[in-house]
Each structure stands twice: as C-alpha cells, then as structure tokens.
Amino acid sequence: NGDGTGTYTVDIVVSDAGDEGSVFDDGTATYAVVAGTVTVGPYDSGDSVTIELTALDAACSSTVGTFEFTCPEPAPANDLCDNAEAIACGDSVIGSTANATDTNGTAAPDVFYSLSGTANGEEITVSLCGSSFDTFLLVYDSCGGVVIANNDDECGTQSELTFTSEGSTTYIIQVEGFGFNSGDYALAVTCVPPPACTAAVVASSTLVESCNGDGTGTYTVDIVVSDAGDEGSVFDDGTATYAVVAGTVTVG
C-alpha cells in the first residue's frame, strides 16, 4: 500500500501431489497439497513464516522453506513537484530522499519544496551543507519551469546556492543526490534584504532669474549636489527630469 503496509503470499508449484492427505502447514492454517499452484497466506509485511509439507506418513514430510518480505517504505509526501512542501525564509528542515522518485535532474531520487518570493531584490540562500550524502540542488521558477540556479559542491560534497528574489515568484527547490546518491539531508533557507538605498545629498538650491525689460522672463534653479547617492536618481519638476550627479544641476 502507499503507506508502506501490505501483505504477501507464497505460491508453491506442485508437480506431483504424492500421497493423498498431505498439507502445507504454516503454523496457523493448512492448505491441501494438490498438483498445480497452491497459494499459501496472506502474511503481513515484515512477518516471517516457515511452511512445512506435512504428510500422513512422517517419512514423506519436509520443510518447504522460510519466507519473509517487508514492503518498501512509502515515498516522502513531497516526492513530486505538484506536492512540494512549503518552506519559508529562516526555516530548517531534515528529510531523506532514500525512497523518493527520480523525476528529473540527475539520476538520483528527489524531493521538492516551494518558497514564496520575498521582497524584490532580496538575496535568498538555499543550503544542503551538513547533509549525509553527495547532494545536488536546483531552484526553478515553477514546476517544470526554468532553472534559476543550481549547485553541486559548494560545501564539500554538499550543495548551496544564492539567487535574487523577484518578489512575486513562487520558487521550486529540488533536493537530490549527485549521480545515483540518496540519503538524509538538512535543508536551510536564509534571506537577506537588499541593501538600503544611499540617498543623494542636496547642499543647496538657488533660484536664478532672467527678466526682460517688458516684464517677461524665466528662471532656473541651481541645485548643488554634494553626494549623488545611488545611480538612477533624478530631479523631477513634473514636466521634465534631470539626472542627479555630483556638482550643480540646473533645473528649468
């Protein structure tokens, strides 16, 4: 079953049924020995059973064998991208890829996490440092989408990467092994806000008039900039813009 529980049976092929009255005995139930296939069981996953062939004449009795079967552990809940587990900045989680499906990336089994984009320009670091196996890490812009970043061996044989958030994207993080490796992992997500802007420093602003004898005229404003701050700032008078640069900017 999907949750790792289950049962098993044993099919015994009999080519000659021998003397009438022989049975297969598993210690709980008996099954008549007949020519053909005799199905014995079912037994619970993890149980061991010894099956005896018991005849009316002890000389014809024998042991068929001892059988045991355990169902594989279920795949992780976030085995597929559509079931990606939500993770947020500051979270640390542990898990295993041992029973996961190999969907894409390398040939190793993988699991998925979803991370909502943070403030535009924030630096997001995703780390598998400290995991128990050789890891590989990928970040997509959606399930089956574009790979934003990937890494193999940033910290020893484990992976770590950093990318810049665009604000509204829900990112998909894929955790897997490099090659065919699988094992226990430790996943951590940290986010660093973008650096605060450096504002321009205006030392002074002076109105400079130009009048004519008939009363008409114009004026400009000289703005003295001692520090231009971050690139891209402008003075805006509602009609035009003027690049902020160190020195005197004449507006108008």
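By convention here, the first residue in the shown sequence is residue 1. A quick note: this is a predicted structure, and the numbers were derived from the prediction, not measured.
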Enquirer: Taking it one step at a time, do Cys60 and Asp19 satisfy side chain to side chain contact (heavy atoms under 4.5 Å, CB included)?
Expert: CA-CA 9 Å; Cys60 289; Asp19 292 339; 4.3 Å; yes
Enquirer: So Phe136 and Phe178, would you call those rings parallel, tilted or perpendicular, with 30° and 60° as cut-offs?
Expert: tilted
Enquirer: Should Val49 and Ile12 be counted in the same cluster of Ile, Leu, Val, Met, Phe, Trp and Tyr side chains packed under 4.5 Å apart?
Expert: yes
Enquirer: Checking Asp44 against Thr7 for the side-chain hydrogen bond (donor to acceptor under 3.5 Å, both in side chains) test, could you report, in this order, the C-alpha distance in whole Å, the side-chain angles of both residues, the deciding distance, and whether it holds?
Expert: CA-CA 4 Å; Asp44 288 334; Thr7 60; over 6 Å; no
Enquirer: The test is side chain to side chain contact (heavy atoms under 4.5 Å, CB included); show your working for Val189 and Leu115 and say whether it passes.
Expert: CA-CA 9 Å; Val189 177; Leu115 174 68; 4.1 Å; yes
Enquirer: Is the backbone N or O of Thr135 less than 3.5 Å from a side-chain atom of Ser159, with the two atoms forming a donor-acceptor pair by type?
Expert: yes
Enquirer: Do Val34 and Ile51 belong together in a cluster built from hydrophobic side chains that touch within less than 4.5 Å?
Expert: yes
Enquirer: Give the cluster check for Leu138 versus Phe112: same hydrophobic cluster or not, with ILVMFWY residues linked at side-chain heavy-atom distances below 4.5 Å.
Expert: yes
Enquirer: Could you tell me whether the side chains of Thr162 and Glu123 share a donor-acceptor contact shorter than 3.5 Å?
Expert: no
Enquirer: Where the side chain of Ser132 meets the backbone of Asp184, is there a donor-acceptor pair that is under 3.5 Å apart?
Expert: yes
Enquirer: Is the closest side-chain donor-acceptor distance between Thr157 and Asp153 under 3.5 Å?
Expert: no
Enquirer: Let's go through Thr50 and Thr66 carefully: what are the C-alpha distance in whole Å and the side-chain angles of both, what is the deciding distance for side-chain hydrogen bond (donor to acceptor under 3.5 Å, both in side chains) to 0.1 Å, and is it a yes or a no?
Expert: CA-CA 4 Å; Thr50 298; Thr66 298; 2.8 Å; yes
Enquirer: Going by atom types only, do Asp25 and Thr54 share a side-chain donor-acceptor pair under 3.5 Å?
Expert: no
Enquirer: Ignoring hydrogens and geometry, is there a side-chain-to-backbone donor-acceptor pair from Thr190 to Cys89 under 3.5 Å?
Expert: no
Enquirer: Considering the options Val139, Val126, Val93, which one meets the side chain to side chain contact (heavy atoms under 4.5 Å, CB included) requirement together with Tyr113?
Expert: Val93
Enquirer: Could you go step by step and tell me if Phe133 and Thr97 meet the side chain to side chain contact (heavy atoms under 4.5 Å, CB included) rule?
Expert: CA-CA 10 Å; Phe133 63 108; Thr97 63; 3.8 Å; yes
Enquirer: Please state whether the rings of Tyr8 and Tyr43 are parallel, tilted or perpendicular, taking 30° and 60° as the class boundaries.
Expert: tilted
Enquirer: Do you see a donor-acceptor pair shorter than 3.5 Å between the side chains of Thr39 and Asp11?
Expert: yes
Enquirer: Would Phe67 end up clustered with Val33 when hydrophobic side chains under 4.5 Å apart are linked, directly or stepwise?
Expert: yes
Enquirer: Between Asn212 (side chain only) and Asp214 (backbone N and O only), is there a donor and an acceptor less than 3.5 Å apart?
Expert: no
Enquirer: What do you reckon, are the aromatic ring centroids of Tyr171 and Phe163 less than 6.0 Å apart?
Expert: yes
Enquirer: Test side chain to side chain contact (heavy atoms under 4.5 Å, CB included) on Val225 and Val201 and set out the steps.
Expert: CA-CA 6 Å; Val225 179; Val201 177; 6.0 Å; no
Enquirer: Is it the case that the side chains of Asp110 and Gln174 hold a donor-acceptor pair, with the cut-off being a distance below 3.5 Å and no angle test?
Expert: yes
Enquirer: Would Leu207 and Val251 show up in the same hydrophobic cluster when neighbours are defined by side-chain heavy atoms closer than 4.5 Å?
Expert: yes
Enquirer: Heavy-atom count check: over 12 atoms from other residues, nucleotides or ligands less than 6.0 Å from Glu68 CD?
Expert: yes
Enquirer: Assess the side chains of Asp141 and Thr169: does a donor N or O sit below 3.5 Å from an acceptor N or O?
Expert: no
